[in-house]
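Presented below is the structure to which this report refers.
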2 protein chains.
Amino acid sequence: MRHDPESVGFVETQQVRLFTRDEPLTLASGRTLGPVDVAYETYGRLNADRSNAVMICHALTGDAHAAGWHVGAKGPGWWDNLIGPGKPLDTERFFVVCANLIGGCRGSTGPSSIDPATGKAYGLSFPLLAIADFVEVHRALVRHLGIGRLLAVVGGSMGGMQALEWSLSYPDEVAHAVIIASSSRLTAQNIAFSAVARRAIMDDPHFLGGDYEAAGVSPNVGLSIARMMAHITYLSEDAFTEKFGRSPQNGERTPGFGIDFAVESYLDHQAETFLERFDALSYLYLTRVMDYFDPFTDHALPRLERPVRYLVVSFDTDWRFSTSHSRRIVRHLEGARYPVTFREIKSPWGHDSFLLVIDDYHATLRAWFDRALEVGT
Amino acid sequence: MRHDPESVGFVETQQVRLFTRDEPLTLASGRTLGPVDVAYETYGRLNADRSNAVMICHALTGDAHAAGWHVGAKGPGWWDNLIGPGKPLDTERFFVVCANLIGGCRGSTGPSSIDPATGKAYGLSFPLLAIADFVEVHRALVRHLGIGRLLAVVGGSMGGMQALEWSLSYPDEVAHAVIIASSSRLTAQNIAFSAVARRAIMDDPHFLGGDYEAAGVSPNVGLSIARMMAHITYLSEDAFTEKFGRSPQNGERTPGFGIDFAVESYLDHQAETFLERFDALSYLYLTRVMDYFDPFTDHALPRLERPVRYLVVSFDTDWRFSTSHSRRIVRHLEGARYPVTFREIKSPWGHDSFLLVIDDYHATLRAWFDRALEVGT
């Protein structure tokens, strides 16, 4: 195992109970959820006046492990190229927090957690969630960490939805918001992709109405299909051509219905590794949250004396959440006279770009975080 | 039941045995297939000098029933808006032929046909096919109908691949070729979509290694997923927005994992009606044919004294086979000094446009077929 010298080094995921059965979380739907445990990590140090805290919100299949290395792991956290000493989110200066979403399956309470009312896993009796619920849980974590006001909340894709929702609901608690490759309103095509993915999971005979865990099985076929389909949308068509073209996987063609083209092998590998770390019910809950997200319909935007300062970033070849999604966010924020910096970054890689080192992208974030630190909370 | 006055009226699908077990079809792979039965329909009349025959090649899930009405049917053939008295392919002047592809499941020999060697359905022992094999079968049909040289061969999507292959392999037998919304070489992204679809079918527990029919079951979950995913690629994102937006299916939101958005209902309906008319094994065989199609690598293009005259048509919002696919075809044909007319038609509807009445598109085809008739075979 090795890690680069600019890494935050070895880290461990911590867990905290933020809501209990007696004092549960009230969800946007009106239902309650308790206990609520949350897995999180922190990098860097909170400064004396608690003004350097940056909350990272993860995307659909992310988790709390954004940076650094877990002992024995083959790779670092999912946003390690952004977070660390000397990196755009410089952990010598920023205190960075990342938490696993509720509804997920990576240490926070989700549909595979035990429902205290029944002693069994929630399954489909787990309540439907909203982006606002993620924000409430993460606010509770931030309070638990002794932070009154965040310097910034940052997220890509579904993480950007959380940053947006947080900034609109609690502008007093957030100084800056960074919304990357995200959307304020899924299109019918966006919803269609997720609908087919959920259908693959729920119609898998091993789904068993969501009670698969008790039966010792798992809807792996459906979850694999969902993941492969999603990966098609994460890359631009040109990126697929650049990476795989029509190359055979094994040096020469082996015509048939097995894996022959390199792109087939790539998708197969993505499915296989995903099954090791993700749960089918979480996939249902977290994708459905996005379908219903529509903050500019749900929030009237007041004029604010001290509005949140926004950075909105899109990538020109992203067709999952194309630049038009970001422009829509910018239009609404500017309409309310909130200060917005907008950048469309050139990148051949499509939606996945938000996770990659792209010079203009990282330079933009670096400059913006530096300025945020100057402006302060 | 009603049909419009410009319809060719009531039609019936006919079937003919073109190859026998003793005199089988030799496939591009070197394997043989026999017997080969082919379902076909014809519209209009072959003229005295047999110079007005137009062959229609169908797309992935099409069939021989391109125009007119079957008794008791709820709708006409799949290209009825193009073929009929007074329509662009005017059946008062053209003799139009359409046949179901081998490998399919609509009357021509396919993987669910009985293998005479075993007395059981072929299943996955059915040989792998190539576009060239479709052409050989359709050439045999054309000979059977007493046609020496086709005035035109016409196809959209996978049908366009057949028109292209036919014109390159047998330029003496075809005077004109019309290649619409098609491709000469699938991209990695194109292959990826089909690979996930096939995976959904083959990993369905009811697939049973392809022997599902004998067991009285069907991989309906997998085939539904394949169809829904394909439909996402058949429409442009804007068309999805225009048709469905974020509208709820039942007038108001019913949050949950059921069908709530109108687009979910659309996909569900597409899957349901598809199961009634299509077979999972055929879906595997016919999609795989496209992955391997690469005629400009397989054919050297000779200089010809009397080359085929080409019309290549794309639609500006088609992202399944975008205009770049058509441009590639045009480049190769023009490089060989073959006469090519190329049109990119404006249409909001994406790939599906080739099946729709779009004024500029139909006017282009009408003018081109009129001229073809003048130029002759």
Worksheet entry | Segment of Ile225(A) engaging chain B (4.5 angstrom heavy-atom cut-off) | both
Discussion item. Are there over 12 heavy-atom neighbours, none belonging to His299(B), within less than 6.0 Å of that residue's NE2?
Written reply: yes
Worksheet item: Given that the side chain runs from C-beta out, which part of Val196(A) has a heavy atom under 4.5 Å from chain B: side chain, backbone, both or neither?
Response: both
Item to complete: Specify which of Met228(B), Arg288(B), Met229(B), Met202(B) makes the most heavy-atom pairs with chain A at under 4.5 Å.
Response: Arg288(B)
Discussion item. Looking at Arg199(B) and Glu272(A), is there a salt bridge between them, counting it only when a charged N and a carboxylate O are closer than 4.0 Å?
Written reply: no
Fill in: Among the listed options Thr241(B), Thr287(B), Ile191(B), Leu124(B), the residue most often paired with chain A at heavy-atom distances under 4.5 Å
Ile191(B)
Worksheet item: For Leu128(B), is it the side chain, the backbone, both or neither that has a heavy atom under 4.5 Å from a heavy atom of chain A?
Response: side chain
Discussion item. So for Arg185(A), is it side chain, backbone, both, or neither that comes closer than 4.5 Å to the heavy atoms of chain B?
Written reply: both
Worksheet item: Which of parallel (below 30°), tilted (30 to 60°) and perpendicular (above 60°) describes Trp319(B) and Trp319(A)?
Response: tilted
Worksheet item: For Pro205(A), is it the side chain, the backbone, both, or neither that has a heavy atom closer than 4.5 Å to a heavy atom of chain B?
Response: side chain
Discussion item. Parallel, tilted or perpendicular, judged at 30° and 60°: which one describes the rings of Phe193(B) and Phe193(A)?
Written reply: parallel
Worksheet entry | Heavy-atom proximity to chain B below 4.5 Å, by part of Leu186(A) | both
Worksheet item: For the candidates Ala192(B), Ala195(B), Ser247(B), which exhibits the highest count of non-hydrogen atom pairs separated by less than 4.5 Å from chain A?
Response: Ala192(B)
Discussion item. Less than 4.5 Å to any heavy atom of chain B: does that hold for the side chain of Asn220(A), its backbone, both, or neither?
Written reply: neither
Response to the item:
Answer key: most heavy-atom pairs under 4.5 Å with chain A among Ser29(B), Ala262(B), Ser236(B), Ala188(B) is Ala188(B)
Worksheet item: What part of Leu267(A) is in contact with chain B, defined as an atom under 4.5 angstrom from a non-hydrogen atom: side chain, backbone, both or neither?
Response: side chain
Worksheet item: What option among Phe257(B), Phe244(B), Phe261(B) has the most heavy-atom pairs under 4.5 Å with chain A?
Response: Phe257(B)
Item to complete: Can you tell which part of Asp238(B) gets under 4.5 Å to a heavy atom of chain A, answering side chain, backbone, both or neither?
Response: neither
Worksheet, complete the sentence: Greatest number of non-hydrogen atom pairs under 4.5 angstrom with chain B, of Ile259(A), Leu235(A), Asp260(A), falls to Asp260(A)
Worksheet, complete the sentence: Honestly, the part of Asp291(A) sitting under 4.5 Å from a heavy atom of chain B is both
Worksheet item: If only atom types and distance count, is the side chain of Arg246(B) paired as donor or acceptor with the main-chain N or O of Thr187(A) below 3.5 Å?
Response: no
Worksheet item: When rounded to the nearest 0.5 angstrom, what distance separates CD in Glu237(A) from OG in Ser324(B)?
Response: 6.5 Å
Worksheet item: Side-chain contact, heavy-atom cut-off 4.5 Å: Asn190(A) with Phe240(B)?
Response: no
